[in-house]
Amino acid sequence: MADASQTVDGNTLVAMCLSRIGIDKMFGVVGIPVTSLANRAVSNGIRFIAFHNEQSAGYAASAYGYLTGRPGVLLTVSGPGCVHGLAGLSNAAANAWPMVMISGSSEQKFTGRGDFQELDQIAAVKPFSKFSAKATDITEIPSSVFSVVDWAVAGRPGGTYLDLPSDILHQTVDLSEAERLIAHALSSRNKDLIEKPRVNNSEIKKAVEMLRGAERPLIVFGKGAAYAKAENELTKLVESTGIPFLPTPMGKGLLPDTHELAATAARSLAIGKCDVALVVGARLNWLLHFGEPPKWSNDVKFILVDISKEEIELRKPCLGIVGDAKDVVGILHKEIKDDPFCFGKTHPWIESIKNKSKDNVARMEVQLSKDVVPFNFTTPMRIIRDAISGVGAPAPIVVSEGANTMDVGRSVLVQTEARTRLDAGTWGTMGVGLGYCIAAAVAAPDRLVVAVEGDSGFGFSAMEVETLVRYQFPVVVIVFNNGGVYGGDRRNPEEITGPHKEDPAPTSFVPGAAYHLLMESFGGKGYLVSTPDELKSALEESFSARKPAVINVVIDPYAGAESGRMQHKN
Ligand code: ADP
């Protein structure tokens, strides 16, 4: 039993509050003034994963929030640490994932006089956070901690920020006073932030009418539906109505890619011809071509389901339903169940999607079945796909980034379970790979984590392979090594002039970089592979070992396209 006359300092009080509100993991980099905070967090039962760089730790925190539904917490030092952490905070905002960034800051009495690592951190985080708080006295710690955690998950999830000046971390209060402050702050939490919006029943009825009256309906779902854990409700809705479905890249797996109503392989047909699209937890942004022609038909009617009223107001769909995806889809299914309708297997719309999918899959399989050496992108991706499928349940979490590597991976790798794909996401963020791997290993310790990355994406945070080894995470990182961004130096030498024309190309890295040896230098396992047999054997060994490994896959530098499928934007 703790002695009530004992004192606690600000560091301990922050850790107590985080633990009291259910935070049990933190990601970060320690240093002045937050080293004690990390240690106190550990003493309060919180697992602290220490990184080399706040950027990767921030990416990890954002993905952890998505995978678990509880905000991932990033701890950084002041000034430059906070600035590095903005990468994670902004990534959380862009992807609508819950995350809390906590940074130490310089002493309040020196504000504006050039203190060590001084920065107006509240101003710096403003564009990237939905809420921020600064505790200016130890007594403000409990309410500040609880409000940043509550705001991160309220409505559309996102990043929040807590500023902790170093002086308040060293202030002290009696333990009994600390407990009183915590109890008071807990009882004063804003209930509106915690409660989910109520679903409007008349909108549900309208949605059912629209789906019932459609000739070519489609259900589209995205990472908002994945975050809401709506997989069971979506499966029931799809299977009871026979409506085909299309996941966004990270929606993949809510229903298995192998499901007979999956329209993924007939994407252009499905979105180009559908007349009513029920879009659940996915924004009509660039990833969904803004819901506009020429990709979508001119007269498609959208039913948008989103937790954010602002999102619905922005897109102006035919019908908008504000609510949690799991709740709304569950109620929709219940409403339909009482008066069922089903697009049977021989319905022309269903048949056309199935036939198109079959043709496209058959065409892709012809390409995939070839063993091309030196490796292009498809041959190793097929071998990786088969190895991942061989793992069985629970399925591995796949992390994917890069231009060609991610594009090819998205269509070739098969997702059969919800929240098993993490990629560059809404913001097209490169460099997320290692942070996401660590988040996945922490969030789902029973799963193998497999990263399929371009060498450029890997390089952003390659030093975090040491973190993999230190914590012995079951992560296998497969690096598609083609010697640079897009494929190294592809320039026509005659077009390069000027005094620096002999410099390496802006797109190129050292050819033949030995990334596998980087992993070995820390005691992990490294493989260098350039043939199908070598790759198969490395995958077999590393997947069954479930230990940190890097497989360095030599790719033909001339394979693939510049910018992947985004060439028109570069
Ligand atoms: P994707 O990239 O998969 O298309 P987006 O990130 O664009 O997905 O969209 C996700 C959407 O899901 C956001 O508009 C967000 O407001 C919404 N969302 C987040 N949580 C929920 C939830 N619990 N229920 C419904 N929608 C949600």
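Residues: numbered from 1 along the sequence shown. For ligands, and for the atoms within them, numbers begin at 1 and follow the listed sequence.
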Distance (rounded to the nearest 0.5 Å) between I321 CD1 and I307 CD1: 12.5 Å
Close approach of P157 to ligand 1, heavy atoms, under 4.0 angstrom: yes
Ligand 1 contact by A225, heavy-atom criterion under 4.0 angstrom: no
Checking a contact table here: which protein heavy atom is nearest [atom], and how many Å away?
atom                    : value
atom 12 (O) of ligand 1 : G224 CA, 3.2 Å
atom 8 (O) of ligand 1  : K223 CG, 3.5 Å
atom 10 (C) of ligand 1 : G281 O, 3.3 Å
atom 4 (O) of ligand 1  : T248 CG2, 3.3 Å
atom 17 (C) of ligand 1 : D306 OD1, 3.3 Å
atom 7 (O) of ligand 1  : R283 NE, 2.9 Å
atom 18 (N) of ligand 1 : I307 CG2, 3.6 Å

P396 to T420 - nearest heavy-atom pair and separation: O-CB, 3.6 Å
Smallest separation among heavy atoms of A282 and L288, with atom names: CB-CD1, 4.0 Å
Please list, in number order, the atoms of ligand 1 under 4.0 Å from a heavy atom of [X].
X    : value
A325 : 22 (C), 24 (N), 25 (C)
Y227 : 20 (N)
R156 : 13 (C), 14 (O), 15 (C), 16 (O)
L287 : 2 (O)
N285 : 7 (O)
G222 : 3 (O)
T426 : 2 (O), 6 (O)
D324 : 22 (C), 23 (N), 24 (N)

Lys/Arg N to Asp/Glu carboxylate O, E311 vs R156, below 4.0 Å: yes
Using 30° and 60° as the class boundaries, would you call the ring planes of [X] and [Y] parallel, tilted or perpendicular?
X    : Y    : answer
Y66  : W97  : parallel
F245 : H259 : perpendicular
F128 : W427 : perpendicular

Stepwise side chain to side chain donor-acceptor pair (under 3.5 Å) test for Y161 and Q121: CA-CA 9 Å; Y161 173 69; Q121 295 173 190; 2.8 Å; yes
Test side chain to side chain donor-acceptor pair (under 3.5 Å) applied to T429 and N91, step by step: CA-CA 7 Å; T429 320; N91 192 58; 2.9 Å; yes
Evaluation steps, ring pair (Phe, Tyr, Trp, His ring centres under 6.0 Å), between F302 and W296: CA-CA 11 Å; F302 285 108; W296 295 82; 4.9 Å; yes
For E233, the option from K334, K326, K337 that meets salt bridge (charged side-chain N to carboxylate O under 4.0 Å, His left out): K326
